[in-house]
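Written below as structure tokens is the structure these notes are about.
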Amino acid sequence: MSHLNTNRKIKRQIDKFQKSGNIQKAVEACQNAISENENDAELHIKLGDLYMEWHLDIHQIRQYVDDAITEYQRALESCMNSSEIYFKLGMAFYYKHELDKAVNYFKLALEYNTKLAEAYFMIAQVFMKKGDFLEAVESAQKAVEIAPFSSSRAYYLMYNVMSLSPARTKWYQRYPKLIASVLTLPFDKYARKEFINRLSYVKFLPVLIKTSIMIFFKGFTPEVLDIYRETLDKAPGFVELYINLGRVYYELKRYDDAICEYKMAIWLDSLNARAYYYLCQLYEEQRDYDNAIEICSKLIELQPHVADFHCKLAQYLYLKGDINRAVNHYQTAVTLNPGPEWTSVVAQTLGFIFQENIKNLDAAISSYQCAYQLNPNDIDIYLNLGNVFFEKEAYDNALAVYKKALEFAPNNARLHCNLGYLYWGKGNTEEAIKEYEKAIKYDSSYDIAYNNLGVIYLDDLGKVKKAIELFEAARKYNPNYALAAYNLARSIAITGDKIEAAKLYQIAFDINNYTKELDPADIEEKIQDLFT
């Protein structure tokens, strides 16, 4: 009897230390008690709980999760059928970031207690960490079915996931989950603990204000970096600090460190869209498109209604050569239509892909017409649409589009250049010359207009001297214009200066290695013809 009284006294003392916030004293008292009774499972569980509390304290730098696991495992030796211990082991492995082990222990806990709602919720949390939001909701629903009046966190998880896709869930489906989360908070002990822990972050508000002022006046300096790191030492669970720290590392060009901080923020909060966004941007700037695609895909899972995210993913997929998937996401962005001007640009991008990559001219025309409906004052739409009609040999349609554009952009050099090319293709040399001359008038450095007009004078009119002047002007304004050098060489060859012509052909050949404007075999053949 005296032994039981002693045990109760020791446990009350441990509880007293714990409630007063002196975890170290509580741990020491518990360790002393275990040294006298090593087979007391309750003491091992208590010590494990104390280590976990110490481990999760935002003010602690040291880590005690392994110590907690050891104590729970010792308790398990004498209580093999305890769902409580299996659950606590699952929690410890969850916080140790060993998710598969955590799930195994949660499932073991459910084998011994099928009504353990908290185990279902923690399995849902694991699915959230892994980005499997559908499975997360299913597990959270099981928790709610078992404990509808004490599953505040499960309700809130479902609300969060449903809020990520308003296109699929109506407000009247989502908000009851939020209301239920608030109403059941007082009866969910784990939710209460989380709520109290979050309140403890308020004390760090002055630090955030101070660093914001420093960044505003001095930029991202190493001093700001030091402040964030010192604060994280005091509050290692503060997600926003990891994001802020990542931004500072990024501005200081310490990209690997920035990536680590963003990943840590995502680990702590798998729904943090800002962390995903910044990480995605960083991978994009590093041209690491594989990782950019992976992160952007997660971002779209979080916020599928944001058109810009679909546009970004489409861009990465296009750069990786996955044209069909890129088209799908561009089309989704157009459907979401956040604004007519922005969406018009995306529709034009789609038109370009259909025209240049997929070779579906009808689809390209449809995309450009969609862009026109959204922003009829964008001259680029007319130019692109006219080009597609020209490529399709629908010359009258192309001419109609260009003339329509001239009504509000009569001085646009590109428009007149395209008209010149159209008239030239239709065999109307006189009108083509007029349009090219207008293009040069409105843009005196327009290299393409000089070159094309030079070809007309050389090949159609036989005016070699005038052609040479035009080709030289094209090269003056664009020294890396292989086609202009090639055409100038053709003109010079006609005058009989084979040496100069050969030099120009060689220049065209060298430039063409980079610009790929011509078939190199054609240039080599021209050089050989000079001396045969």
Side-chain angles (χ1 to χ4, degrees), residues 55-61 63 65 94-99 102 122 124-133 136 153 156-157 160-161 163-164 194-195 197-205 207-212 214-215 220 222 224-286 288 290-304 306 308-309 312-313:
H55 176 76
L56 296 174
D57 186 351
I58 65 169
H59 302 97
Q60 290 293 334
I61 302 172
Q63 303 294 301
V65 67
Y94 174 83
Y95 285 113
K96 194 181 178 183
H97 303 165
E98 294 186 19
L99 299 185
M122 289 310 303
Q125 284 286 70
V126 172
F127 282 126
M128 290 296 290
K129 292 283 187 185
K130 293 183 174 183
D132 191 340
F133 304 130
R153 294 192 302 166
Y156 190 69
L157 183 149
N160 257 333
V161 175
S163 297
L164 298 176
E194 282 192 2
F195 182 74
N197 284 338
R198 290 182 185 279
L199 288 178
S200 64
Y201 292 123
V202 174
K203 68 177 70 175
F204 298 106
L205 185 59
V207 173
L208 297 177
I209 295 173
K210 177 183 177 181
T211 51
S212 296
M214 291 173 66
I215 291 169
F220 293 88
V224 174
L225 180 68
D226 291 339
I227 292 173
Y228 280 141
R229 291 171 68 175
E230 288 173 8
T231 309
L232 267 179
D233 286 342
K234 300 173 184 176
F238 199 166
V239 175
E240 289 302 312
L241 281 178
Y242 289 101
I243 296 175
N244 291 350
L245 188 56
R247 292 293 292 168
V248 178
Y249 277 130
Y250 168 79
E251 295 294 339
L252 295 175
K253 302 189 184 305
R254 294 174 57 176
Y255 300 127
D256 289 340
D257 290 322
I259 288 171
C260 287
E261 300 304 330
Y262 292 141
K263 285 185 174 181
M264 189 62 190
I266 290 169
W267 174 258
L268 291 170
D269 181 3
S270 59
L271 292 177
N272 197 301
R274 287 181 63 227
Y276 282 106
Y277 182 80
Y278 289 137
L279 183 56
C280 185
Q281 288 284 86
L282 204 160
Y283 281 133
E284 178 184 341
E285 291 189 22
Q286 291 186 317
D288 183 352
D290 288 329
N291 275 318
I293 288 169
E294 179 184 349
I295 298 301
C296 197
S297 297
K298 290 291 185 184
L299 192 54
I300 288 172
E301 287 184 43
L302 291 173
Q303 298 186 351
V306 179
D308 187 48
F309 298 161
K312 278 184 173 297
L313 181 56

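The structure presented is a predicted model; accordingly, all values stated were derived computationally and were not measured.
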Margin query: Would Asn272 and Glu240 count as a side-chain contact (heavy atoms from CB on, under 4.5 Å) here? Give the steps.
Written below: CA-CA 9 Å; Asn272 197 301; Glu240 289 302 312; 3.6 Å; yes
Item checked: Sequence-distant partners of Gln281, side chain to side chain donor-acceptor pair (under 3.5 Å), two or more places apart ->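 Counting only residues at least two positions away or on another chain, Gln281 forms a side chain to side chain donor-acceptor pair (under 3.5 Å) with Lys312.
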Margin query: Leu208 vs Phe238, test: side-chain contact (heavy atoms from CB on, under 4.5 Å). Steps then yes/no.
Written below: CA-CA 12 Å; Leu208 297 177; Phe238 199 166; 4.2 Å; yes
From [atom1] ([X]) to [atom2] ([Y]), nearest 0.5 Å:
X	Y	atom1	atom2	result
Gln286	Asn291	CD	CG	9.0 Å
Glu251	Leu225	CD	CG	12.0 Å
Asp290	Ile295	CG	CD1	12.0 Å
Asp308	Leu313	CG	CG	11.5 Å
Glu261	Lys263	CD	NZ	12.0 Å
Phe133	Glu301	CZ	CD	5.5 Å

Which heavy atom of [X] sits nearest a heavy atom of [Y], and at what distance?
X	Y	result
Phe309	Cys296	O-SG, 3.4 Å
Ala136	Leu157	O-CD2, 4.0 Å
Ile266	Ala275	CG1-CB, 3.6 Å
Ala265	Ile243	CB-CG1, 3.7 Å

Check: Can you check side-chain contact (heavy atoms from CB on, under 4.5 Å) on Cys260 and Asp256, steps first, answer last?
Finding: CA-CA 6 Å; Cys260 287; Asp256 289 340; 5.7 Å; no
Margin query: Could you work out, with ring-ring contact (aromatic ring centres under 6.0 Å, His included) as the rule, every residue matching Tyr250, not counting sequence neighbours?
Written below: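 ring-ring contact (aromatic ring centres under 6.0 Å, His included) list for Tyr250, sorted by chain: Tyr255.
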Next item on the list: For Tyr278, check ring-ring contact (aromatic ring centres under 6.0 Å, His included) against everything at least two apart and list the hits.
Entry: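 Per chain and number, Tyr278 pairs via ring-ring contact (aromatic ring centres under 6.0 Å, His included) with Tyr262.
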Next item on the list: Sort out for me which residue in Val248, Leu252, Asn244 forms a side-chain contact (heavy atoms from CB on, under 4.5 Å) with Val224.
Entry: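 Between Val224 and the candidates, side-chain contact (heavy atoms from CB on, under 4.5 Å) is satisfied uniquely by Val248.
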